[in-house]
Amino acid sequence: EDQKRSFTLDQTLDISLQSLVKRLLPLCSNYSTVSRFIQEHAKFVHGMINQALSASMRGLIREYFLVVAQLEHQYNCGELTLQKMRYYVQPCIRTMEVLARVASTVNEARKCMGGRTLTLLNNMTASL
């Protein structure tokens, strides 16, 4: 079951900060969706195609973790601002959005395995 994540911002937060945070929150939600998909579909019962898809997604998530580690280093050095963070995660936002859409599409197609997963992926890549 795929559930959309929602976040609540403190309304006393400065409007410009709210705007920046709102642009970053979809990355958090999409990461959660992708992470759950990877955990669930890495199991043998979901078939080899879904296992391979899960492994490929895991590889892309590792790249995201590298960006997060770089951000953490900048934070620890006192050099990270929200603006810098948004700049550095910008490429990740689109990647995570696509991965979350793939995960949601496969999840919504009940018992999607093998050729059906491949067909969904083919249809999605044609629409990108």
Side-chain angles (χ1 to χ4, degrees):
E1 152 182 340
D2 191 36
Q3 296 176 341
K4 204 69 168 152
R5 279 78 177 155
S6 63
F7 301 92
T8 305
L9 294 178
D10 185 347
Q11 295 304 310
T12 62
L13 190 64
D14 182 75
I15 298 293
S16 61
L17 289 177
Q18 281 186 32
S19 175
L20 263 173
V21 171
K22 283 179 183 177
R23 287 187 228 146
L24 293 171
L25 287 177
L27 176 63
C28 303
S29 178
N30 289 334
Y31 168 76
S32 179
T33 299
V34 172
S35 180
R36 185 175 342 122
F37 178 88
I38 289 170
Q39 290 173 354
E40 290 174 0
H41 288 79
K43 299 172 186 165
F44 179 73
V45 296
H46 291 284
M48 290 173 52
I49 300 296
N50 285 337
Q51 281 182 308
L53 175 60
S54 176
S56 295
M57 287 178 155
R58 188 176 293 113
L60 291 168
I61 291 292
R62 281 189 199 113
E63 293 176 21
Y64 169 69
F65 287 156
L66 289 174
V67 172
V68 171
Q70 291 170 344
L71 292 172
E72 183 178 21
H73 175 72
Q74 285 193 1
Y75 174 77
N76 290 335
C77 293
E79 299 173 358
L80 185 64
T81 64
L82 277 176
Q83 290 85 358
K84 278 186 180 180
M85 183 173 154
R86 184 169 184 276
Y87 174 78
Y88 287 118
V89 299
Q90 195 62 39
C92 300
I93 290 174
R94 177 67 178 142
T95 300
M96 204 64 70
E97 180 183 317
V98 171
L99 291 177
R101 194 164 0 122
V102 167
S104 295
T105 302
V106 171
N107 279 336
E108 289 167 6
R110 299 286 179 221
K111 297 186 181 182
C112 187
M113 294 171 60
R116 189 168 180 196
T117 298
L118 292 174
T119 300
L120 282 173
L121 292 173
N122 183 43
N123 292 342
M124 290 186 79
T125 55
S127 69
L128 291 177

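Heads up: numbering here begins at 1 and tracks the sequence. Any value given below was found using the heavy atoms of this structure, including those in side chains, with hydrogens, waters and symmetry copies removed.
- Of the candidates Thr119, Thr125, Leu121, Asn123 forms a side-chain contact (heavy atoms from CB on, under 4.5 Å) with just one, namely Thr119.
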Quiz item: Would Met85 and Gln74 count as a side chain to side chain contact (heavy atoms under 4.5 Å, CB included) if you check the C-alpha gap in whole Å, the side-chain angles of each, and the deciding distance to 0.1 Å?
Solution: CA-CA 9 Å; Met85 183 173 154; Gln74 285 193 1; over 6 Å; no
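- Within a 6.0 Å sphere centred on CD of Gln90, heavy atoms belonging to other residues, nucleotides or ligands number more than 12.
- To the nearest 0.5 angstrom, Lys22 atom NZ is 12.5 Å from Leu24 atom CG.
- Remark: Asn76 pairs with no residue by the side chain to side chain donor-acceptor pair (under 3.5 Å) rule, at least two apart or across chains.
- Residues meeting the side chain to side chain donor-acceptor pair (under 3.5 Å) test with Asp14, sequence neighbours left out: Ser16.
- Tracing side-chain contacts under 4.5 Å through hydrophobic residues (I, L, V, M, F, W, Y), one never reaches Val21 starting from Ile15; they form parts of separate clusters.
- Listed for the Thr33 side chain is a donor-acceptor partner under 3.5 Å among the backbone atoms of Ser29.
- The closest donor-acceptor contact from the side chain of Ser104 to the backbone of Arg101 lies at 3.5 Å or more, if one exists at all.
- Val89 is not connected to Leu66 by any chain of hydrophobic side-chain contacts under 4.5 Å among Ile, Leu, Val, Met, Phe, Trp and Tyr, and they are in different clusters.
- Phe37 and Phe44 end up in different hydrophobic clusters when Ile, Leu, Val, Met, Phe, Trp and Tyr side chains are linked at under 4.5 Å.
- Cluster annotation: Phe7 is connected to Val34 through the hydrophobic network of ILVMFWY side chains, with a link wherever side-chain heavy atoms come within less than 4.5 Å.
- With sequence neighbours excluded, no residue satisfies side chain to side chain donor-acceptor pair (under 3.5 Å) with Ser35.
- By the 6.0 Å contact criterion, OH on Tyr75 is open, its count of non-hydrogen atoms from other residues, nucleotides or ligands being 12 or less.
- The minimum heavy-atom distance linking Leu120 with Ala109 is given by the pair CD1-CB, 3.7 Å.
- Criterion: ILVMFWY side-chain heavy atoms under 4.5 Å apart, direct or through other members. Under it, Leu13 and Leu82 are part of a common hydrophobic cluster.
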Practice problem: Walk me through it: do Leu9 and Leu17 pass the test side chain to side chain contact (heavy atoms under 4.5 Å, CB included)? | Solution: CA-CA 10 Å; Leu9 294 178; Leu17 289 177; over 6 Å; no
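- In this structure, Tyr88 and Val67 approach most closely via the heavy-atom pair O-CG1, 3.9 Å.
- Every residue two or more places apart in sequence or in another chain that forms a side chain to side chain donor-acceptor pair (under 3.5 Å) with Arg23 is listed here: Ser19.
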Pair up each side-chain donor or acceptor in residues 47-54 with any protein partner under 3.5 Å, not counting sequence neighbours, and list the distances.
unit_1	atom_1	unit_2	atom_2	d
Asn50	OD1	Thr117	OG1	3.0
Asn50	ND2	His46	O	3.0
Asn50	ND2	Cys112	O	2.7
Gln51	NE2	Ala42	O	3.1
Ser54	OG	Ile38	O	3.0

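- The side chain to side chain contact (heavy atoms under 4.5 Å, CB included) search around Gln83 returns Leu20, Thr81, not counting sequence neighbours.
- The two residues Met57 and Leu99 make their nearest non-hydrogen contact at CE-O, 3.4 Å.
- Atom OH of Tyr64 is separated from atom CD1 of Ile93 by 9.0 Å, given to the nearest 0.5 angstrom.
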Practice problem: Give the C-alpha distance, both sets of side-chain angles, the deciding distance and a yes or no for side chain to side chain contact (heavy atoms under 4.5 Å, CB included) between Glu79 and His73. | Solution: CA-CA 9 Å; Glu79 299 173 358; His73 175 72; over 6 Å; no
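- Of all the heavy atoms in His41 and Val106, the pair that sits closest is NE2-CG1, 4.3 Å.
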